[in-house]
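Data block below; observations after.
Note on naming: letters A, B, ... go to the chains in the order of the sequence lines (proteins, then strands), and numbering restarts at 1 for each one.
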2 protein chains.
Amino acid sequence: MPQADPDRSVFRAIADPTRRAILDRLRQGPAPVNELASAFSQSRPAISKHLRVLRELRVVSEQKYGRERLYRLEPAELKDVADWILPYRDFWQASLGNLKSYLENE
Amino acid sequence: MPQADPDRSVFRAIADPTRRAILDRLRQGPAPVNELASAFSQSRPAISKHLRVLRELRVVSEQKYGRERLYRLEPAELKDVADWILPYRDFWQASLGNLKSYLENE
DNA sequence: ATAATACGTATCCATTCGTTTACGTATTAT
DNA sequence: ATAATACGTAAACGAATGGATACGTATTAT
């Protein structure tokens, strides 16, 4: 039975811990692939594939400089995550509020 | 070769679109499994498995009432996602700012 | 007591994922 | 011209994922 169409959202991009680490690193500025590969002690092709996912989901962009390719953070799509999580904020704030008043009444 | 230790973070919980839909539904209040299964036109065991993932990652809690089990949203862990995404906010706000000034200067 | 309901779990299967090794290509250094 | 560098891609593989069907168990209805 064919599986439902795969998730092409940014949530898939950030599902993998290595990809999140790559994004965290890119917040400090663009980086070439080799630097990322050595930083995460994984093979270069592995990182390349992660970067491809990030690129296709438009969370990073690629720019060629000679034989290097600089990957740059493109955070616009990450806003979808922030927007999705926003309505939940009320809930955990309410929970914290409940805990606070609970503690105060003890 | 064994894969690196699997991601047990809340990011895995929200990686799947069905699980996100379940969470969205639970924001309106606790629900039994059958209601969720019919809402998403998937088999009940499939939903049960998703709920198990959500339960293990502490994004929902389960409570037995007779033969029903009510699943309730536990949003505390989702705060990790909000915290993770927070530093990126500056970036996309900067991008929007650049776009704004770009448009204003044309 | 028996039947129906609400659920979890076991098993199985196809697909996807993350990783590695091997290879090809473009660019720079000698 | 040749060698070295920086990278992407192909192929292969085991592990994990998402789903379905079949089954077992506890609870409620008759």
Can you tell me if the side-chain N/O atoms of [X] get under 4.0 Å from OP1 or OP2 in [N]?
X: A/Tyr65; N: C/dT28; value: no
X: B/Asn34; N: C/dT5; value: no
X: A/Arg19; N: C/dG18; value: yes
X: A/His50; N: C/dT19; value: yes
X: B/Arg52; N: C/dG8; value: no
X: A/Arg12; N: C/dT16; value: no
X: A/Ser43; N: C/dT20; value: yes
X: A/Tyr71; N: D/dA6; value: no

Nearest-Å distance, [atom1] ([X]) to [atom2] ([N])?
X: B/Asp7; N: C/dT19; atom1: CG; atom2: P; result: 11 Å
X: B/Ile47; N: D/dT17; atom1: CD1; atom2: C1'; result: 15 Å
X: A/Arg67; N: C/dG24; atom1: CZ; atom2: C1'; result: 16 Å
X: A/Gln42; N: C/dT21; atom1: CD; atom2: C1'; result: 15 Å
X: B/Asp16; N: D/dT17; atom1: CG; atom2: P; result: 11 Å
X: A/Leu36; N: C/dT19; atom1: CG; atom2: C1'; result: 17 Å
X: A/Glu35; N: D/dT5; atom1: CD; atom2: P; result: 18 Å
X: B/Leu51; N: D/dG19; atom1: CG; atom2: P; result: 12 Å

**OP:** Answer yes or no on whether A/Arg27 is positioned over the face of B/Tyr88, meaning its NZ or CZ is under 6.0 Å from the six-membered ring centre and within 45° of the axis.
**Re:** yes
Original post:
Which pair of heavy atoms, one from A/Val60 and one from A/Leu51, lies closest together, and at what distance?
Top reply: CG2-O, 4.1 Å
Subject >> Earlier contact from the 5' end, DNA chain C, for A/Val53 and B/Pro32 >> reply: B/Pro32
**OP:** Name the closest nucleotide to the B/Ser48 side chain, picking from C/dT9, C/dA6, D/dG19.
**Re:** C/dT9
**OP:** Can you figure out which of C/dG8, C/dA26, D/dG8 approaches the side chain of A/Lys64 most closely?
**Re:** C/dA26
Original post:
Do A/Phe11 and A/Trp84 have side chains that get closer than 4.5 Å, going by heavy atoms?
Top reply: yes
Subject >> Heavy-atom side-chain proximity of A/Asp16 to A/His50 below 4.5 angstrom >> reply: yes
**OP:** For B/Arg52, look at atom CZ and say whether over 12 heavy atoms of other residues, nucleotides or ligands are found less than 6.0 Å away.
**Re:** no
**OP:** Give a yes or no on whether a salt bridge exists between A/Arg20 and B/Asp7, defined as a side-chain N under 4.0 angstrom from a carboxylate O.
**Re:** yes
Original post:
Can we say A/Arg25 and A/Glu35 salt-bridge, meaning some charged N sits less than 4.0 Å from an Asp/Glu carboxylate O?
Top reply: yes
For [N], the Watson-Crick or wobble partner whose two distances fall under 3.5 Å:
N: D/dA4; value: C/dT27
N: C/dA22; value: D/dT9
N: C/dT11; value: D/dA20

Answer with yes or no whether [X] presents, from its side chain, a donor or acceptor under 3.5 Å of a partner atom in the base of [N].
X: B/Arg69; N: C/dG8; value: no
X: A/Arg44; N: D/dG8; value: yes
X: B/Lys49; N: D/dG19; value: yes

Original post:
Which part of the nucleic acid, if any, lies within contact of B/Pro45, taking any heavy atom under 4.0 Å across all strands shown: a base, the sugar-phosphate backbone alone, or nothing?
Top reply: base
**OP:** Mind checking B/Ala46 for me? I need base, sugar-phosphate or nothing, with any heavy atom below 4.0 Å counting as a touch.
**Re:** sugar-phosphate
